[in-house]
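The structure appears right after this line, and notes come after that.
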Amino acid sequence: MNALSIEEVKKLIDEYGIAEGKKEEVKGLPPLPNTEGWKVIVTRFAPNPDFVIHLGNARAALLSYEYARLYNGRFVLRFEDTDPRIKRPLPEAYELIREDLKWLSIRWDEEYIQSLRMELYYGTAKKLLEIGAAYVDLCSPDTFRELRNLGKACPHRDEDPSISLERFEKILMGEYGEGEAVIRIKTDLSHTDPAVRDWVMFRIIDTTKYPHPLTGDRYRLWPTYNFAAAVDDHFMGVSHVLRGREHTLNTLKQQYLYRYLGWRYPEVLNFGRVGIEGFILSKSWIKTQLKDNPEKFMGFDDIRFATLSSLRRRGIAPETIKQIIMELGVRGVDAKISWANISAVNRKTLDPRSKRVFIVCNPIKVIIRGLEAPLKVVIPFHPTNDLGSRAFTMSRPEVYISKDDLQHLVRTGCIRLMEFANIRYINTASDGIVEAEYLSKGLEDAKKLGAQIVQWVPVESAIKVVIHRAHNGKLKRMVCIGENSLLELQQGEIIQMVRLGFGRIDRIKRDSITVVYSHE
RNA sequence: GCCGCGGUAGUAUAGCCCGGUCAAGUAUGCGGGCCUUUCGAGCCCGUGACCCGGGUUCAAAUCCCGGCCGCGGCACCA
């Protein structure tokens, strides 16, 4: 290399540069490992419907979905609701999750609910019991743990399969209570990680006490996550599993089951956690807070949470979420996304398609002399894109501007009311009302004068605008004044409040609206 | 404590497997300029990083060892 002339080096750089560029185009997502040998690439998203999903879940969902699409494969949605006791499913969560996914433009080819597939799990369990790969364990949790930590077998491990099968039937008949029996898979009692040793495939849950929202008290014997997920992944033909790092050990556990049954284990990709700076991600934390201090929050979609419903309410576009997640990729390290980064992406997404409206905080009334009334000012909602327009009609030339902008007016002597008129300051009356004089209409004058261009609202048609904003983990409420065209917008619409920032219309009432502040 | 994974600019990410295209790319942030009826968008310029210490090698962000730091798991949760 060092022997090459500068020309030659340049040539090499050029060549490689071109090759690099080509690679980039095909790329996007890094290729999945070991795609060969799978007739069709199948991925799945398997949430627990105990609550709405958050950004971390969105990562699993989006990556899985995008990979399935990339390889022309199938994408499966599977609800993992096999714990009616500790992680009791929330009946409405099934539909809320579906809606969140649709919002992200995710479409699934198949949908399954685990609590509706119990017979399949029982059948597989029976098979494992028959071949002696699993056993019914009647030891107390403490006793088992003690033996397991010593690497010793529990007395039931070596009993004849027929005994376990008999007990299995008895469990199904309801002859054992909660905690009295559990079904374990035989793994390696000397495995370095005790958690792997003979892990639990099924446990008994008293569904008369803890009825399942879908199946009531029909089943008492419930598969654990590792069993149900493993069995389903096989029968659904899942080729690639993309899930969080917290599942690393589960892969190891589930592989024992696959070995016994001669199944091929899917390829696994474990990625790190995603969080947003200053946002709350933990589902369980949110749930307990909502239960203990409901008055402190706006509901399950409080704008300080990192759930998808919260981000949506905050005015974050699905495209933004998608872009952020895709940029993260499948890396195994945790990522804390900065809000500045999300805002920037969101701003670019929304700028071309959000209506620009006038909202004034800390309003000061300005009376403009030298203008003929009535007046009509038509302003388009967007300077370059056709998003329609609205008309401001005034029977008298009185407008609100913000207190901060009044400073400009006083200091520099003049300001420009955007898209309307250039005005000159005269004085401020004792009641705080400002008197100003009409100067001219053209923008050129404003530029010549170096006048600040500000948003404004006609006094006679102003409406109340309540802005909710999250700041340093606290909710803030600001009451401002806005143009009346806001009442004609759609609830849920994202607007650009000129010079204030982006926001989403949270609620529209007869003569006022509530806006959630997104970001600058 | 035990087991496992990882550490690239303020943040996120590319490169690491297969050592020389890396005097490290991209986005965002920050500084400056241009443009523009917003303090928004766009365009241009600039800023800023391979956790530390050894080793292997002609050559290390990339391979090896040690340290430090961060994270995950150690459930009859998912």
Side-chain angles (χ1 to χ4, degrees), chain A residues 1-2 9 12-17 19-20 24 27 30 33 46-50 80-83 85-88 114 137 140-141 144-145 149 178-184 191-197 199-205 221-222 224-226 228-229 243-250 252-253 270 272-274 277 283-284 323-324 326-329 331-345 347-348 350-352 354 356 358 379-380 382-384 404 416-420 422 442-444 446-447 451-455 496-502 519-520:
Chain A
M1 187 75 180
N2 292 334
V9 172
L12 273 174
I13 289 169
D14 281 352
E15 278 169 18
Y16 280 115
E20 205 73 33
E24 210 84 64
K27 229 178 153 188
N48 180 338
D50 64 338
E80 304 203 322
D81 57 349
T82 60
D83 181 10
R85 184 176 49 192
I86 300 168
K87 287 209 174 156
R88 185 135 197 274
Q114 288 190 325
D137 170 27
S140 74
F144 183 85
R145 193 176 311 122
N149 289 348
E178 240 181 52
E180 286 174 10
V182 60
I183 304 177
R184 292 183 181 277
H191 194 280
T192 45
D193 196 328
V196 175
R197 301 174 192 166
W199 53 270
V200 174
M201 298 189 338
F202 287 87
R203 79 292 205 194
I204 296 166
I205 294 172
L221 182 65
W222 289 89
T224 57
Y225 163 78
N226 273 309
R243 59 183 166 201
R245 269 193 327 147
E246 65 273 22
H247 290 290
T248 346
L249 191 65
N250 293 328
L252 205 63
K253 289 186 180 181
N270 293 113
R273 297 179 79 94
V274 223
E277 210 176 69
K283 271 200 217 179
S284 53
Q323 191 182 327
I324 294 278
M326 286 305 144
E327 277 170 10
L328 288 182
R331 238 172 147 233
V333 285
D334 292 355
K336 212 156 203 68
I337 315 287
S338 74
W339 183 243
N341 214 145
I342 292 182
S343 314
V345 174
R347 216 178 281 137
K348 273 171 205 158
L350 295 173
D351 187 79
S354 57
R356 292 151 194 224
F358 293 166
I379 307 176
H382 197 281
T384 51
D404 294 338
R416 173 171 175 77
L417 303 174
M418 192 184 277
E419 298 263 302
F420 176 28
N422 309 315
L443 171 66
E444 301 311 314
K447 281 189 172 166
Q452 174 74 38
I453 300 165
V454 308
Q455 80 279 22
Q496 190 181 149
M497 302 175 278
V498 171
R499 300 207 303 142
L500 293 179
F502 288 83
H519 49 74
E520 288 190 343

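None of the values given here were measured: they were computed from a predicted structure. The chains referred to below are lettered A, B, ... by the order of the sequence lines, with proteins before strands, and numbering in each begins at 1. Excluded from the calculations below are hydrogen atoms, water molecules and symmetry mates; all remaining heavy atoms, backbone and side chain alike, are included.
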Can you confirm whether Glu520(A) is buried at CD, in the sense that more than 12 heavy atoms of other residues, nucleotides or ligands lie under 6.0 Å from that atom?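 Counting other residues, nucleotides and ligands, CD of Glu520(A) stays at 12 neighbours or fewer.
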Around atom CZ of Arg85(A), are there more than 12 heavy atoms from other residues, nucleotides or ligands closer than 6.0 Å?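 Count over threshold, so yes.
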Gap between atoms [atom1] and [atom2], on [X] and [N] respectively (whole Å):
X         : N       : atom1 : atom2 : answer
His382(A) : rU37(B) : NE2   : P     : 14 Å
Glu327(A) : rG25(B) : CD    : P     : 17 Å
Arg331(A) : rU11(B) : CZ    : C1'   : 12 Å
Asn341(A) : rG29(B) : CG    : P     : 8 Å
Ile337(A) : rU11(B) : CD1   : C1'   : 8 Å

Let me confirm one number: the [atom1]-[atom2] distance from [X] to [Y], rounded to the nearest 0.5 Å.
X         : Y         : atom1 : atom2 : result
Arg499(A) : Phe358(A) : CZ    : CZ    : 9.5 Å
Asp351(A) : Thr384(A) : CG    : OG1   : 8.0 Å
Trp222(A) : Asp81(A)  : CH2   : CG    : 6.5 Å
Ile183(A) : Leu221(A) : CD1   : CG    : 5.0 Å
Ile337(A) : Ile324(A) : CD1   : CD1   : 5.5 Å

Could you measure between the two [atom1] atoms, the one in [N] and the one in [M], and give it in whole Å?
N       : M       : atom1 : answer
rG4(B)  : rU11(B) : P     : 29 Å
rU47(B) : rG7(B)  : P     : 27 Å
rC50(B) : rA23(B) : P     : 14 Å
rG42(B) : rC5(B)  : C1'   : 42 Å
rC17(B) : rU26(B) : P     : 22 Å
rC16(B) : rA49(B) : C1'   : 16 Å
rA24(B) : rA9(B)  : P     : 14 Å
rC35(B) : rG20(B) : C1'   : 44 Å

Nearest-nucleotide wise, let me know which of Ala335(A) and Val345(A) is further upstream toward the 5' end of RNA chain B.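 Its nearest nucleotide lies further toward 5', so the answer is Ala335(A).
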Given protein heavy atoms under 4.0 Å, the one-letter contact record of nucleotides 70-78 of chain B, with B base, S sugar-phosphate only and - none, is simply -BSSSSBBB
How does protein reach along nucleotides 38-45 of chain B, written 5' to 3' as B (base within reach of a heavy atom under 4.0 Å), S (only sugar-phosphate), or - (no contact)? BBBSS---
Could you check whether Leu328(A) gets within reach of a base, just the sugar-phosphate, or nothing at all, counting any heavy atom under 4.0 Å?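 The residue Leu328(A) makes sugar-phosphate contact but no base contact.
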With a 3.5 angstrom cut-off on both distances, give the Watson-Crick or G-U wobble partner of [N], or none if there isn't one.
N       : value
rG1(B)  : rC74(B)
rU11(B) : rA27(B)
rG19(B) : none
rA61(B) : none
rU36(B) : none
rC50(B) : none
rG6(B)  : rC69(B)

Does Lys447(A) put a side-chain nitrogen or oxygen below 4.0 Å from OP1 or OP2 of rU37(B)? yes
Side-chain touch Ile453(A)/Leu443(A), heavy atoms, less than 4.5 angstrom: yes
Looking at Lys87(A), Glu80(A), Gln114(A), His247(A), which hits side-chain hydrogen bond (donor to acceptor under 3.5 Å, both in side chains) with Tyr225(A)? His247(A)
Ignoring hydrogens, what is the shortest heavy-atom contact between Leu500(A) and Gln455(A)? Give both atom names and the distance. CG-NE2, 4.2 Å
Decide whether Asn270(A) and Arg245(A) meet the rule of one side-chain donor and one side-chain acceptor closer than 3.5 Å.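 On atom types as modelled, these side chains do not qualify, holding no pair under 3.5 Å.
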